[in-house]
Undergrad: 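Got a structure for you, written out below as C-alpha cells; questions coming shortly.
Along the sequence shown, residues are numbered consecutively beginning with 1.
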Amino acid sequence: MPTTVAEQAIARSMLHNSGMFLRKAAEEIAGDDDGRDEPFDVDRATLVTVLIQTAVELAASAMVIRHDGLTGVMARNIPVTEAEIDTRWRDGHIKTVPFEQIKARAQAFFGDRDFWALVDMFQATRNKL
C-alpha cells in the first residue's frame, strides 16, 4: 500500500527520535566514569536498557509505517486524509497496537533473526529491570 506524505513524515520523525534515544543511551554508557570497571548500578542499567528498547520500538514502527502506512500500526480509528493524519500526529492522538504485533510485521521487512533475537533479549531484560 502506498503511504501518504504525512505518513512518510511521521516515519522520518520516528526514526529521528529513535536515533536520539540511542544517542542518549550511548551518552549514559560513556558517562559512567566509576574508574573501577564495575558494572552499572541498577538505575543506569535500567535507563540504558529502556532507552535502547524504545529506540528499537520507534524504528520498527517507522519501518512498518513506511511500508504499510498507519494501518500497519494502528488498531482502530485510522485517519484517512492527510490533514487528519497530520493533526492527530501533532496532537499525540495516534494509538498503536502492542509492540509484539508491530514487531511481527517489521520482521517481514527486516528478517534478520539475530537482530530480532537481540530485540527479544532487550525486551526481556527491560521487563526484569
Undergrad: Please enumerate all residues that pass side chain to side chain donor-acceptor pair (under 3.5 Å) together with N17, with sequence neighbours excluded.
TA: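 Side chain to side chain donor-acceptor pair (under 3.5 Å) list for N17, sorted by chain: empty.
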Undergrad: When rounded to the nearest 0.5 angstrom, what distance separates CD1 in I10 from CD1 in I85?
TA: 6.5 Å
Undergrad: Residues in side-chain contact (heavy atoms from CB on, under 4.5 Å) with T49, at least two apart?
TA: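 With neighbours one apart ignored, the set is F122, T125, R126, L129.
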Undergrad: Ignoring hydrogens and geometry, is there a side-chain-to-backbone donor-acceptor pair from E82 to V5 under 3.5 Å?
TA: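 The answer is yes, because a donor-acceptor pair under 3.5 Å joins these two groups.
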Undergrad: Please tell me whether V56 and V97 are part of a single hydrophobic cluster in this structure, the criterion being side-chain heavy atoms less than 4.5 Å apart.
TA: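 In one cluster with V56: V97, yes.
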Undergrad: Treating S13 as the side-chain partner and A9 as the backbone partner, does any N or O pair qualify as donor plus acceptor under 3.5 Å?
TA: no
Undergrad: Under 30°, 30 to 60°, or over 60°: which ring-plane class applies to F110 and F115, parallel, tilted or perpendicular?
TA: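 F110 vs F115 ring planes: perpendicular.
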Undergrad: Q123 versus E100: any side-chain heavy-atom pair under 4.5 Å?
TA: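 They are in side-chain contact.
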Undergrad: Look up atom CZ in R113 and atom CG in L118, then write down how far apart they are to the nearest 0.5 Å.
TA: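 So the CZ of R113 and the CG of L118 are separated by 14.5 Å.
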Undergrad: First locate atom CD of E7, then atom OG1 of T71, and finally report the distance between them rounded to the nearest 0.5 Å.
TA: 7.0 Å
Undergrad: Give me each pair satisfying ring pair (Phe, Tyr, Trp, His ring centres under 6.0 Å) with a member in residues 69-99, each pair once, sequence neighbours excluded.
TA: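 Those involving residues 69-99 do not exist here.
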Undergrad: Apply side-chain contact (heavy atoms from CB on, under 4.5 Å) to A11 and list each qualifying residue two or more places apart in sequence or on a separate chain.
TA: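 A11 satisfies side-chain contact (heavy atoms from CB on, under 4.5 Å) with A62, I65, R66 once adjacent residues are dropped.
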Undergrad: Is M63 reachable from M74 through a run of I, L, V, M, F, W or Y residues, each pair having side-chain heavy atoms under 4.5 Å apart?
TA: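 Linked within one cluster.
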Undergrad: If you take all heavy atoms of I52 and A25, which pair is closest and at what distance?
TA: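 That closest heavy-atom pairing would be CG1-CB, 3.7 Å.
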Undergrad: Suppose we screen for side chain to side chain donor-acceptor pair (under 3.5 Å). Which residues come up paired with R90, at least two apart in sequence or across chains?
TA: D86
Undergrad: Side chains of K103 and Q107, heavy atoms from C-beta outward: is any pair under 4.5 Å?
TA: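 SC-SC contact between K103 and Q107 confirmed.
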Undergrad: Does R44 have any side-chain contact (heavy atoms from CB on, under 4.5 Å) partners at least two apart in sequence or in another chain, and if so, which?
TA: E28, D32, F40, D41, V48
Undergrad: Is W116 reachable from V64 through a run of I, L, V, M, F, W or Y residues, each pair having side-chain heavy atoms under 4.5 Å apart?
TA: yes
Undergrad: I'd like to know if V50 and F21 are part of one continuous hydrophobic network [Ile/Leu/Val/Met/Phe/Trp/Tyr, side-chain heavy atoms within less than 4.5 Å].
TA: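 Unlinked, F21 and V50 end up in two clusters.
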Undergrad: Using atom types as modelled and distance alone, determine if a side-chain donor or acceptor of S18 lies under 3.5 Å from a backbone N or O of M14.
TA: no
